[in-house]
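Reading through the structure tokens given below for one structure.
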Amino acid sequence: MKILVTGSSGFIGYHLVKKLLKEGYQVLGIDDHNDYYDVSLKILRKNKCRDKNFQFLLNDINKLKPNSDKIDIAINLAAQAGVRVPKNKEHLYAHTNINGFEYFCNFCKEMNINKIIYASSSSVYSDYEDGKNHEIKTSLMPKSLYGESKLQNEVYASKFSQKNNISFIGLRFFSVYGPYGRPDMAYFSFSNSLVNNRPIFLNNAGEMSRDMTFVSDIVEGLMKAINYSKQNIFQHELFNLGNDYPIKTSNLLKTLEEKFNKKAIVVNKTTTNEAVKTHADITKAKNLLGYDPEISFEEGIDLFVEWYKEYENI
């Protein structure tokens, strides 16, 4: 079986490709290696995927050309990530996340790929309601351009599936972290700042909470979504993939201070364009996919720090 993975040199894409190859799948990876963060990290991830069953294409998903390849399942992880990007990068939310996703869906149609799995985000949810984020019960009111772009993906996928008889699974990821992660995310950027004695800009006094989910659990969720797609007939399903255990940003920072034996230089900031708290209700994913996250925050942070110290030669 051959699986296409866009964003294959990205954080989640890399870990997914490694897992797929280990399980004996053929993989076509596509990535444009954009410079949102250090391209050398993306190249490192790609090079670590070298395998006789791995084919890589350096390309923008807006420029994919149909061919005679037989692809069984397509997984779209390509995106302009992050709720906070420089102004000169904001256009990529439309270019990659919206236009790119729509182009990707039509590419799959022309390639006769009738099973698509794509990355959505916890950023689609409103945070004006108490309790866990539920796929149906929680209102969808994104506070960021990134969240809006992901919600547009979900709406487009729903309509596209009905019109073209293609099965879609949208996975709402909750704050994924771990080795080979994204340097722009809090756990990674805090680590960089601590090690280099640089100020840490702490949003909203560290009172925000994130349902931090270790990358291997997310990959297991993706693998279970692949199996679900192979075994069931449906149009469009949405699943939360989280850890069901929110962590305050202040506690994340305190933990990293302990791990690196460093005291943070904190600069407090206020932000209004992101959720105060994310907390995944994973009941649906447990019941239908068999998703069951195994890695605790404490264990996951240890695994990240161990990798980080080796990566940075500390």
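Worth saying up front: this structure is predicted, and the values here are computed from it rather than measured. FYI, side chains are in, hydrogens and waters are out, and symmetry mates aren't considered; it's all heavy atoms of this structure.
Between F160 and F168, the ring planes lie perpendicular to each other; the angle is over 60°, past the 30° to 60° tilted range. Relative orientation of the H15 and Y180 rings is perpendicular, given thresholds of 30° and 60° on the angle between their planes.
By the neighbour-count criterion of 12 heavy atoms within 6.0 Å, atom CZ of F234 is densely surrounded, having more than that number from other residues, nucleotides or ligands. Counted within 6.0 Å of NZ on K159, heavy atoms from surrounding residues, nucleotides or ligands total 12 or fewer; the atom is thus considered open. Residue E299 qualifies as enclosed at atom CD: its count of foreign heavy atoms under 6.0 Å is above 12. Within a 6.0 Å radius of CG in N165, other residues, nucleotides and ligands contribute 12 heavy atoms or fewer. Within 6.0 Å of the CD atom in Q235, the count of heavy atoms belonging to other residues, nucleotides or ligands exceeds 12. Atom NZ of K109 sits in a sparse spot, with 12 or fewer heavy atoms from other residues, nucleotides or ligands closer than 6.0 Å. More than 12 heavy atoms of other shown residues, nucleotides or ligands fall within 6.0 angstrom of atom CD in E298. Enclosure of atom CG in N261 is not indicated, since only 12 or fewer non-hydrogen atoms of other residues, nucleotides or ligands lie within 6.0 angstrom.
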Criterion side-chain hydrogen bond (donor to acceptor under 3.5 Å, both in side chains) on K70 and N112, from CA distance to verdict: CA-CA 8 Å; K70 175 68 172 73; N112 294 312; over 6 Å; no
Chi angles and distances behind the ring-ring contact (aromatic ring centres under 6.0 Å, His included) call for F214, F304: CA-CA 9 Å; F214 195 70; F304 165 72; 9.2 Å; no
Residues C105, Y118; criterion side chain to side chain contact (heavy atoms under 4.5 Å, CB included); working and verdict: CA-CA 10 Å; C105 292; Y118 68 96; over 6 Å; no
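I75 is listed as a side-chain neighbour of I3, based on a closest heavy-atom distance under 4.5 Å. F260 places a side-chain heavy atom less than 4.5 Å from the side chain of L256. Taking 4.5 Å as the limit, every side-chain heavy atom of T278 sits out of range of all side-chain heavy atoms of P246. The shortest distance between side-chain heavy atoms of L194 and I200 falls below 4.5 Å. In this structure, the side chains of M208 and N203 come closer than 4.5 Å at one or more pairs of heavy atoms. No side-chain heavy atom of I282 sits under 4.5 Å from any side-chain heavy atom of L241. For the pair K248/L252, no side-chain contact is recorded, criterion being any heavy-atom separation below 4.5 Å from C-beta on. Using a 4.5 Å heavy-atom threshold, the side chains of L238 and I136 count as separate.
Between the side chains of S209 and H279, not a single donor N or O lies within less than 3.5 Å of an accepting N or O. No hydrogens or angles considered: a donor-acceptor pair under 3.5 Å links the side chains of S120 and E154. Side-chain N/O atoms of Y36 and D184 include a donor and acceptor closer than 3.5 Å. Checked by atom type, the side-chain pair N97/S149 shows a donor-acceptor distance below 3.5 Å.
S161 places a side-chain N or O within 3.5 Å of a backbone atom of S158 that can act as its donor or acceptor partner. Judged by distance alone, the side chain of N196 and the main-chain N or O of N192 form a donor-acceptor pair under 3.5 Å. A side-chain donor-acceptor contact under 3.5 Å links D60 to the backbone of N62. No donor-acceptor distance shorter than 3.5 angstrom exists from the side chain of S229 to the backbone of A225, with no hydrogens or angles considered. Side chain of K150 to backbone of A119: a donor-acceptor contact under 3.5 angstrom is found. No donor-acceptor pair closer than 3.5 Å links the side chain of S9 to the backbone N or O of R45. Judged by distance alone, the side chain of K42 and the main-chain N or O of N34 form a donor-acceptor pair under 3.5 Å. Under a 3.5 Å cut-off, the side chain of N197 and the backbone N or O of S193 do not form any donor-acceptor pair. D211 places a side-chain N or O within donor-acceptor distance of the main-chain N or O of A280, the cut-off being under 3.5 Å. At least one donor-acceptor pair under 3.5 Å links the side chain of D51 to the backbone N or O of N53.
Within the cation-pi definition used here (under 6.0 Å to the ring centroid, within 45° of the axis), K286 does not qualify as a partner of Y291. A cation-pi contact, defined as under 6.0 Å to the ring centre and within 45° of the axis, links K269 to F201. The cationic group of K19 does not satisfy the cation-pi geometry with Y14, failing either the under 6.0 Å distance to the six-membered ring centre or the 45° limit from the ring axis.
What you find for L64 and Y103 is that their closest heavy atoms are O-OH, 2.7 Å. Counting all heavy atoms, side chain and backbone alike, P199 lies closest to V267 at CB-CG2, 3.9 Å. Listed here is the closest heavy atom pair of F54 and S8: CZ-OG, 4.5 Å.
Aromatic ring centres of F101 and H95: separated by at least 6.0 Å. The six-membered or imidazole ring of Y177 lies away from that of F188, with a centre-to-centre distance of 6.0 Å or more.
Each of N240, D281, D244, T283 was checked for a side-chain hydrogen bond (donor to acceptor under 3.5 Å, both in side chains) with K132, and the lone residue meeting it is D244.
The pair R172-E135 does not count as a salt bridge, with every side-chain nitrogen at least 4.0 angstrom from each carboxylate oxygen. Under 4.0 Å is where a charged nitrogen must lie from a carboxylate oxygen, and between D31 and K46 no such pair does.
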